[in-house]
Enquirer: 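Supplied in structure tokens, the structure appears directly below.
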Amino acid sequence: MSQDSVSPKVRSRVQQLREQIDDHNYRYYALDEPSIPDAEYDRLLSELKGLEQQYPELASADSPTQRVGTAPLDSFVSVRHEMPMLSLDNAFSDDDLRAFDQRLKDRLKATADIEYACEPKLDGIAISILYEQGKLVRAATRGDGTNGEDITENVRTIRSVPLQLRGDNFPARLEVRGEIYMPSDGFAALNKRAAEAGEKVFVNPRNAAAGSLRQLDSRITAKRPLELCAYSVGVHQGMELPPRHTDILHLLNQWGFKINREMIAARSIEQCIEYHRQLGEKRASLSYEIDGVVFKVNDIATQEKLGFVSRAPRWAIAFKFPAQEEMTELQAVEFQVGRTGTITPVARLKPVFVGGVTVSNATLHNRDEIARLDARVGDTVIVRRAGDVIPQIVGVVQERRPADAQLIEFPERCPICDSPAVQVPGEAAIRCEGGLICPAQRKEAIIHFASRKAMDVDGLGDKLVEQLVDKGLITTVADLFTLEAQAVAELERMGPKSAENLIAALEKSKQVSFERFIYALGIREVGEATARNLADHFGTLQALSEADEQALQEVDDIGPVVARFVRDFFIEPENLDIIQRLQALGVHWPEKSAASPDASAAAAQQPLAGQTCVLTGTLEAMTRDEAGDKLRALGAKVAGSVSKKTAFVVAGPGAGSKLAKAEQLGVEVLDEAALLQLLDKYGA
Ligand code: 9MJ
């Protein structure tokens with residue numbers, strides 16, 4: 001096809017689409033202000049792809065469609081950096097930082113406080129990207145600092161890397177340096193997909209980023225959730241840059257680069273120390289992994305005066321956080337049986353300090369995970385504890401395997417009740433088939449039944465349930481209500497007074513709400529939120545227990561799997577018998593009617609009707625449960641996880657992944673003060 005076969009209308013539409021898509025990328029990555037839903041973005045991109053396919057002469061290396069990768073390379077070409085890419089010296093304590101600051105003052109023969117740029121230290125891959133006349137011409141890894149590898153094709157696939165600088169006032173040649181990393185949720189999703197497909201999973205986001213960039217086939221890189229955060233300028237020609245590092249980064253941001261929003265300028269080393277402390281507290285709630293903080297003298301002229309020692313600049317230092325991965329010995333594996341019979345292998349570890357706590361146990365999830373890790377008792381394993389997640393074993397140091405390392409045999413029978421342990425089709429889990437004959441399942445079911453968010457039986461803890469079951473005083477939850485004070489008083493660590501207190505607490509717990517009762521039953525996958533939805537939808541136990549799978553799926557958030565679990569529970573005669581006994585023994589709740597049209601109309605009038613919110617972290621003025629009740633009283637739904645549909649998230653100190661998710665999805669986040677204001681506004 002010749003040039004003239006493309007109409008001016010098509011040409012201008014292609015141009016318009018490219019600009020719109022670039023603009024959305026800029027707003028999303030550089031400004032952190034998403035402007036359109038993902039689906040709309042995908043529609044624009046797909047229209048542009050269609051037009052470029054139809055009119056190949058309109059193809060352009062800078063088109064946003066070119067982020068899908070190209071044919072594989074045979075090998076990476078080596079690149080010599082025009083300006084070496086430096087490494088950073090480390091500080092290990094506040095005093096190290098003070099000493100660093102003093103060294104600089106001595107060297108500068110100055111006494112005045114030095115201003116520092118403070119930046120989170122991203123745990124990814126350092127990269128150099130060269131722009132000529134505003135166009136991306138080459139991207140290279142840091143390598144040994146002098147020579148790196150040309151990974152231009154791979155870097156071009158990353159959406160937060162501008163292919164063309166924005167605006168018209170930029171240096172004719174500009175080398176931007178930064179870190180390519182994989183945000184935590186993208187890492188989790190990538191590993192989940194890999195595990196489901198039976199492929200190798202990555203040990204941590206840094207390895208995932210490195211592995212993704214090391215692909216000779218950039219079409220693979222294009223599918224990986226990588227991002228770039230810019231943190232300095234290397235070579236620059238044809239334009240003067242601002243005198244301060246933080247201002248240079250703001251300029252990079254205007255040219256289209258994502259920079260770290262946590263970056264600040266601190267006026268003294270003491271402020272730097274405070275920044276390190278505060279960022280350490282915030283670390284778990286960030287949507288990406290950091291391993292410390294980097295401090296850089298902010299004034300570029302001063303940086304130049306200070307210069308370098310060997311490979312590291314004198315004007316910068318990294319202050320790391322406690323490591324999130326450590327090595328330790330896998331001393332034994334025990335098998336625990338949960339409430340629903342799942343048999344979970346638990347690793348007993350030689351205690352190790354990691355991620356700020358001492359870890360001596362870690363879950364090994366299931367048989368597949370043990371096989372994937374090829375872990376054996378006696379092995380040296382890598383334990384990881386990132387943020388607020390439970391410790392994981394992410395790898396085995398094969399070279400350190402002792403000759404007598406023991407294979408881990410998954411039991412074929414339940415270690416507690418000796419019933420067969422079977423793999424559920426379509427699941428990785430292995431379950432004990434014993435049901436409530438299995439004392440482990442019975443104990444867990446009773447502990448759950450009595451727990452605070454269920455029947456809330458004060459004083460009935462794990463140890464007491466264990467004794468009650470082991471002594472044969474109870475076999476089901478219904479038996480709790482036939483307990484006699486005298487028998488209880490004879491148990492270890494009990495006496496007449498505490499036995500009476502327990503009987504009184506049991507008596508008190510009989511008056512419950514329908515939703516708590518449903519939750520207390522311990523139906524698989526029925527957590528508090530689902531129990532509440534079931535209670536609201538069906539209103540009565542009779543309606544709930546008679547509902548078929550189709551009727552159950554009409555309830556908010558209930559799909560076929562949970563519907564099946566609920567149905568299975570209520571067709572089991574033994575369960576119905578226990579429920580009948582509970583009611584006969586006095587367990588009761590105020591009956592509600594199922595949502596009537598009138599009630600729905602009234603509900604729709606409530607100020608927060610139709611809004612779903614999520615509570616996370618700790619609150620001071622009230623508990624999360626109380627806050628949830630108040631929000632529900634205003635018509636809001638309170639959910640356990642954040643999605644695009646979440647109206648707002650209330651986050652107190654200690655908030656972790658839910659806050660990160662909210663920030664990433666652009667969901668409004670309220671602190672406790674804002675929550676109180678909201679409740680106050682509606683008189684709740
Ligand atoms: C990281 N990894 O986030 C530097 N870095 O500056 C930041 N690394 C660096 N700066 C000079 N924020 C050499 C390395």
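What you see is a predicted model; the values in this text were computed from it and never measured. Counting starts at 1 for both ligands and their atoms, in listed order.
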Enquirer: Do Tyr231 and Lys296 come close enough that some side-chain heavy atom pair is under 4.5 Å?
Expert: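 Answer yes - side chains close enough.
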
Enquirer: Aromatic rings His24 and Tyr41: how do their planes relate, parallel, tilted or perpendicular, breaks at 30° and 60°?
Expert: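 The arrangement is perpendicular - the two ring planes meet at more than 60°.
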
Enquirer: Applying a heavy-atom cut-off of 4.0 Å, say which part of Leu122 lies close to ligand 1: side chain, backbone, both or neither.
Expert: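 The answer is both.
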
Enquirer: Out of all atoms in ligand 1, which are within 4.0 Å of some heavy atom of Pro120? Include the element for each.
Expert: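 In order of number, 3 (O), 12 (N).
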
Enquirer: Between the main-chain N or O of Ala139 and the side-chain N or O of Thr152, is there a donor-acceptor pair closer than 3.5 Å?
Expert: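 Here the side-chain-to-backbone pair exists.
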
Enquirer: Using a 4.0 Å cutoff against the non-hydrogen atoms of Glu119, which atoms of ligand 1 qualify?
Expert: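 Ligand 1 atoms under the 4.0 Å threshold to Glu119: 7 (C), 10 (N), 12 (N).
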
Enquirer: Which of the atoms in ligand 1, numbered in the order shown and given with their element, are less than 4.0 Å from a heavy-atom of Glu179?
Expert: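 Checking each atom against Glu179, I get 2 (N).
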
Enquirer: Can you tell me if Cys229 contacts ligand 1 (heavy atom of the residue under 4.0 Å from the ligand)?
Expert: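 No.
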
Enquirer: Please state which part of Leu88 comes within less than 4.0 Å of ligand 1, counting heavy atoms only: side chain, backbone, both or neither.
Expert: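 Side chain only.
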
Enquirer: Of the listed options (Lys296, His245, Lys121), which comes nearest to atom 10 (N) of ligand 1 when hydrogens are ignored and any heavy atom counts?
Expert: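 When every heavy atom of Lys296, His245, Lys121 is considered, Lys296 comes closest to atom 10 (N) of ligand 1.
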
Enquirer: Got a salt bridge between Arg177 and Glu175, using NZ or NE/NH1/NH2 to carboxylate O under 4.0 Å?
Expert: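 Answer for the salt bridge query: yes.
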
Enquirer: Should the pair Arg166-Asp23 be classified as a salt bridge under the 4.0 Å nitrogen-to-oxygen rule?
Expert: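 Answer for the salt bridge query: yes.
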
Enquirer: When you check the gap from the basic side-chain N to the acidic O, do Glu33 and Arg27 get nearer than 4.0 Å?
Expert: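 No, no charged N to carboxylate O under 4.0 Å.
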
Enquirer: Give the residue, atom name and distance (to 0.1 Å) of the protein heavy atom nearest atom 9 (C) of ligand 1.
Expert: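 The closest one turns out to be Tyr231 CE1, 3.4 Å.
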
